[in-house]
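Input: a single structure, listed below in structure tokens.
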Amino acid sequence: MYYQYKKQFQQALVEWYKREKRDLPWRRTCDPYKIWVSEVMLQQTRVDTVIPYYERFLSEFPTLQHLADAEEEKLLKQWEGLGYYSRARNLQAGVREVVENYNSLVPDNRSEISKLKGVGPYTAGAVLSIAYNKAEHAVDGNVMRVLSRVLLIEEDIALPKTKKTFENAVMELIDPMHPSEFNQGLMELGATICTPTSPKCLLCPVREFCTAFNEGQPENLPIKTKKVKMKHIPYDVFVIKNTIGQFLVEKRPAKGLLANMWQFPMVEQVGNADTTNETKLAEQYNLNLLSREKLTSFKHIFSHLTWHIESYSIGCEEQAKLPGNCQWFTAEEMANLPMPVPMQKVWQSYKIETTSL
DNA sequence: AACACGGGGGG
DNA sequence: CCCCCAGTGTT
């Protein structure tokens, strides 16, 4: 972009942002910790979803020290339903590094802040530009979409190396006097005007600088190749209640999908024989099973796989030799356990079923 | 470079 | 129902 247009582009974007920006909770602070929390929550997650989590999280953990001191179970409970739970653990690990090694001051330069757990190129640039007003790139999906259209960049954004192109473009274009508003303006534009489908070009403050608007088809950018083969796994999930009114739940392993979250016992469905999976359950969990009743069936879609859930309610005699990751809890105790959404659905279904009796 | 990692919204 | 969204860590 020619120099004189670059200045005009910066001014049009920054002025539009100042005028039209949504009033969001994390835009009422410059506290680097709070900006950091918001940026981690906003990774792969929509603004409307994040807002209530952000408010609750910061009232529970108002400072770096509060978060550094938190129990993991309490942390995960705050994050419950937000997804990508390793974000929460990594955030806490990063916060502990800041408390330990940086005198509780979030670093204000890319090399140090990028060493923190969970802080990648995007989050580093977002915190540096928004909290410290540093002229650093913060390239997320919105920025790639906006700039692919404005600059007619036709590289495949599914390729990791393409991000370098966009980071270079931002460093070339960024308003050195207003880096915070410039970066947030790009993201705000992508979120509200320059949307993936049906971009509202006629409302766009920078359409006169947009190559795709003037010469091409903005709705067909950015270019992204297809990928990902979805795996499907059928599971039977069991809400198991013993004779003294406790429920059997297990903690998932510390690594992998839904790490350290709690769930009802579940077994992968093997065949069509109705009793096979229940036998497998009784063996795996060393249980004496009594009556059984059908609960909800549904599909839960992760980014890379799909669980097909069928759930059952089963009565059971209490057993002495449970697997180590299993525990009996009352309904009240279970309310404090972080559980992923599919398990909440099963639990909800159980509660509806039993209260109607 | 490829894959793992949640959950929600829209057409 | 199927489609879309996309940062960081690990390998």
Side-chain angles (χ1 to χ4, degrees), chain A residues 36-53 76-94 97 110 113-127 136-148 155-164 166-167 170 183 186-187 190-192 194-200 219-233 252-263 298-309 338-345:
Chain A
W36 183 7
V37 169
S38 74
E39 289 301 335
V40 172
M41 286 187 171
L42 286 164
Q43 291 167 12
Q44 289 84 27
T45 311
R46 286 173 168 73
V47 163
D48 290 343
T49 306
V50 166
I51 289 173
Y53 281 91
L76 284 177
K77 191 64 187 174
Q78 288 290 321
W79 211 268
E80 179 185 78
L82 204 48
Y84 286 123
Y85 300 95
S86 63
R87 287 186 295 174
R89 272 186 291 272
N90 290 339
L91 172 61
Q92 186 183 42
E97 291 176 60
R110 189 174 283 273
I113 201 172
S114 297
K115 293 192 180 83
L116 302 174
K117 197 84 168 170
V119 178
Y122 166 74
T123 306
V127 174
E136 295 280 352
H137 59 77
V139 174
D140 70 351
N142 288 315
V143 172
M144 286 197 283
R145 185 171 56 257
V146 170
L147 291 186
S148 74
E155 294 177 52
D156 178 7
I157 66 166
L159 300 176
K161 62 170 186 171
T162 301
K163 198 161 65 151
K164 193 67 194 165
F166 287 94
E167 289 171 351
V170 170
N183 278 347
L186 283 180
M187 294 189 268
T192 60
C194 196
T195 47
T197 57
S198 331
K200 305 170 184 66
E219 63 279 5
N220 291 331
L221 289 170
I223 306 235
K224 188 162 90 176
T225 57
K226 218 59 168 163
K227 56 165 199 251
V228 192
K229 51 202 181 284
M230 186 71 88
K231 278 184 294 191
H232 294 261
I233 312 178
R252 293 178 61 90
K255 287 195 176 294
L257 184 65
L258 302 171
N260 284 349
M261 303 286 281
W262 293 81
Q263 65 181 16
F298 59 93
K299 200 166 73 168
H300 186 82
I301 302 164
F302 299 89
S303 49
H304 56 304
L305 63 89
T306 302
W307 283 358
H308 299 262
I309 301 283
M339 299 183 93
V341 165
M343 292 300 152
Q344 293 177 36
K345 283 186 186 168

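Atoms considered below: every heavy atom in the structure, side chains included; atoms not considered: hydrogens, waters and symmetry mates. Letters A, B, ... mirror the listed sequences (proteins, then strands); counts begin at 1.
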The criterion is side-chain contact (heavy atoms from CB on, under 4.5 Å); which residues satisfy it with [X], sequence neighbours excluded?
X      : answer
A:N90  : A:S86, A:K117
A:P342 : A:F298, A:H300, A:W307, A:P340
A:N220 : A:Q217

Side-chain donor-acceptor distances from residues 76-84 of chain A under 3.5 Å, at least two apart:
from  : atom 1 : to     : atom 2 : distance (Å)
A:K77 : NZ     : A:E80  : OE1    : 3.2
A:K77 : NZ     : A:E80  : OE2    : 2.9
A:K77 : NZ     : A:A335 : O      : 3.0
A:K77 : NZ     : A:L337 : O      : 3.0
A:W79 : NE1    : A:G83  : O      : 3.1
A:E80 : OE2    : A:M339 : N      : 2.9

Exercise. Nearest nucleotide by nearest heavy atom, which residue falls closer to the 5' end of DNA chain C, A:P196 or A:Y122?
Worked result: A:P196
[X]: which residues meet the side-chain hydrogen bond (donor to acceptor under 3.5 Å, both in side chains) condition with it, sequence neighbours left out?
X      : answer
A:E219 : none
A:Y122 : A:E39
A:T45  : A:R87
A:S38  : none

Exercise. Going 5' to 3' along nucleotides 6-11 of chain B, which nucleotides have protein heavy atoms under 4.0 Å from the base (write B), which only from the sugar-phosphate (write S), and which from neither (write -)?
Worked result: BBB---
Tell me the interatomic distance from [X], atom [atom1], to [N], atom [atom2], rounded to whole angstroms.
X      : N     : atom1 : atom2 : answer
A:H308 : C:dC1 : NE2   : P     : 10 Å
A:Q92  : C:dT8 : CD    : P     : 19 Å
A:L42  : C:dA6 : CG    : P     : 12 Å
A:W36  : C:dG7 : CH2   : P     : 18 Å
A:K161 : B:dA2 : NZ    : P     : 11 Å

Please produce a list of atom pairs where a protein N or O lies less than 3.5 Å from an N or O of nucleotides 9-11 of chain C.
from   : atom 1 : to     : atom 2 : distance (Å)
C:dG9  : OP1    : A:G118 : N      : 2.2
C:dT10 : OP1    : A:K117 : NZ     : 3.4

Problem set entry | Sugar-phosphate only, base, or nothing, as touched by A:R145 at under 4.0 Å among non-hydrogen atoms | sugar-phosphate
For this session: Give one of base, sugar-phosphate or nothing for A:K345, where a contact means two heavy atoms less than 4.0 Å apart.
Result: nothing
Problem set entry | All pairs passing salt bridge (Lys or Arg N to Asp or Glu O under 4.0 Å) where residues 139-148 of chain A contributes a residue, at least two apart | none
For this session: Rounded to whole angstrom, note down the P distance from C:dC3 over to B:dG6.
Result: 23 Å
Exercise. Is there side-chain contact between A:V37 and A:M41, with heavy atoms separated by less than 4.5 Å?
Worked result: yes
Exercise. Are any non-hydrogen side-chain atoms of A:N183 and A:V170 less than 4.5 angstrom apart?
Worked result: yes
For this session: Can you tell me which stems DNA chain B forms, taking runs of 3 or more consecutive Watson-Crick or G-U pairs with both distances under 3.5 Å?
Result: B:1-5 with C:7-11, B:7-11 with C:1-5
For this session: Report yes if at least one side-chain N or O of A:K224 is closer than 4.0 Å to OP1 or OP2 of C:dC5; otherwise report no.
Result: yes
